[in-house]
Amino acid sequence: MRHLIDINDLSIEEIDRLIAVADDIIADPQKYAEVCHGKKLATLFFEPSTRTRLSFEAAMMELGGNVLGFSSADSSSSAKGESVSDTIRVVSYYADVIAMRHPKEGAPRVASAVSDVPVINAGDGGHNHPTQTLTDLLTIHREKGRLSDMTVGLCGDLMFGRTVHSLISAMSRYENVKFILISPPELRVPDYITQTVLKRRGCEYEVAESLDSSMEKLDILYMTRIQRERFFNEADYLRLKDTYILDTDKMALGKPDLSVMHPLPRVNEIDTAVDADPRAAYFRQAKYGKYIRMALILMLLGKEI
Ligand code: NCD
């Protein structure tokens, strides 16, 4: 039985295969319409979500399966004091695969140790978000036709932004990918990413504070939200929240074939005027999230076509 807790649980070959299956689903969704008939996905969300939960549920429905679950900790027995382990042990009797999001780093790993069915990490605190990364990789592949030989700028809250950590872990395994890490000094990527991912894998990277002066170098610009809910105090959040705002003036500094990505939700960090620029890929990215999750469910249920 396979789980997806960390993006490194998948080999590059498996990621490439998931992307190929997602491309095939996009080309011919009808072929997959009944593949998961009689199967159930449980979505256990102990933290807010729109795209991740709904795209997981839509994914299972479009495979002919069913969904059950909860969308806040308050509506589950966790409000009565039940442990994650007990909740998962029980839900794994009712469902064939579980997608869970939890504010505590490592909760999905704990869950996977007691579950009878595959567990998917749908975001654990400020740590990891592997299915967002699969979405991001499918998007980059569809926008650029490759996952190697490019400069990726990550901008915003690189400290608490879990999507950033998983994306660096994945992209650093492809050939000739260079990172520009654009953030205020307080919100740089955690040391473990620099030490055990970037340095150990011999990746080229640059630490920057200015988005303007990085723009012209980028093939991908990955914007992120300042993660208010993970800050220790509101004053720091208020001070840092508008550090980077991508607007049409900044877009004018970017390459003609730049792709702008964002896991969403956006708050202030991308001006809505940028949405009309063909280089704005973030809504396409949200759409692709459903297809790659369909491919992932197929893989974990052993139903690859
Ligand atoms: C992200 C998350 O939950 O980490 N959202 C998502 O899943 N698309 C990004 C965020 O909340 O800023």
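The figures here come from the full heavy-atom set of this structure, side chains too, leaving out hydrogens, waters and symmetry mates. In each ligand, atom 1 is the first atom listed, and ligand 1 is the first ligand listed. Owing to the predicted nature of the structure, the values given are computational and were not obtained by experimental measurement.
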Open item on the list: With a 6.0 Å cut-off (strictly less than), is the heavy-atom count around CD of Glu175, excluding the residue itself, greater than 12?
Closed with: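 Not buried by this count: 12 neighbours or fewer within 6.0 Å.
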Open item on the list: Does either side chain, that of Tyr174 or that of Asp16, offer a donor lying less than 3.5 Å from an acceptor on the other one?
Closed with: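 Yes - a donor-acceptor pair under 3.5 Å links their side chains.
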Open item on the list: Could you tell me if Arg101 and His129 have a donor-acceptor pair between their side chains, going purely by distance under 3.5 Å?
Closed with: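 Their side chains do contain a donor-acceptor pair, which is all the 3.5 Å distance test asks for.
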Tell me which protein heavy atom sits closest to [atom], plus the residue, atom name and distance to 0.1 Å.
{"atom": "atom 5 (N) of ligand 1", "value": "Leu264 O, 3.0 Å"}
{"atom": "atom 11 (O) of ligand 1", "value": "Arg225 NH2, 2.9 Å"}
{"atom": "atom 4 (O) of ligand 1", "value": "Arg162 NE, 2.7 Å"}

Open item on the list: With the threshold set at under 4.0 angstrom, would you say Pro265 reaches ligand 1 through any of its heavy atoms?
Closed with: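 Yes.
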Open item on the list: Does the residue Glu47 have a heavy-atom contact with ligand 1, meaning some pair of atoms that are separated by less than 4.0 Å?
Closed with: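 Judged by the 4.0 Å heavy-atom criterion, Glu47 does not count as contacting ligand 1.
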Task: Proximity to ligand 1 by part of Thr163, non-hydrogen separation under 4.0 Å - done: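 The part of Thr163 near ligand 1 is the side chain, not the backbone.
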Looking at [Y] and [X], is any side-chain nitrogen of the basic one under 4.0 Å from a carboxylate oxygen of the acidic one?
{"X": "Lys250", "Y": "Glu269", "value": "no"}
{"X": "Glu47", "Y": "Arg162", "value": "yes"}
{"X": "Lys303", "Y": "Asp96", "value": "no"}

Task: Numbering as shown, the atoms of ligand 1 that approach Arg101 to under 4.0 Å (heavy-atom distance) - done: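 Per the distance check, 3 (O), 7 (O).
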Task: Those atoms of ligand 1 less than 4.0 Å from some heavy atom in Thr52 - done: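 The list of qualifying atoms is 6 (C), 7 (O).
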- [ ] State, with a plain yes or no, whether a side-chain heavy atom of Val119 is found less than 4.5 Å away from one of Ile5.
- [x]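 Val119 vs Ile5: side chains touch.
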Open item on the list: I'd like to check whether Glu229 has a polar contact with ligand 1, where a contact means an N/O of the residue lying under 3.5 Å from an N/O of the ligand.
Closed with: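 No, since none of the N or O atoms of Glu229 sits under 3.5 Å from an N or O of ligand 1.
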Task: Option with minimal heavy-atom separation from atom 7 (O) of ligand 1, where the choices are Arg51, Arg266, His129, Glu269 - done: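 The nearest heavy atom belongs to His129.
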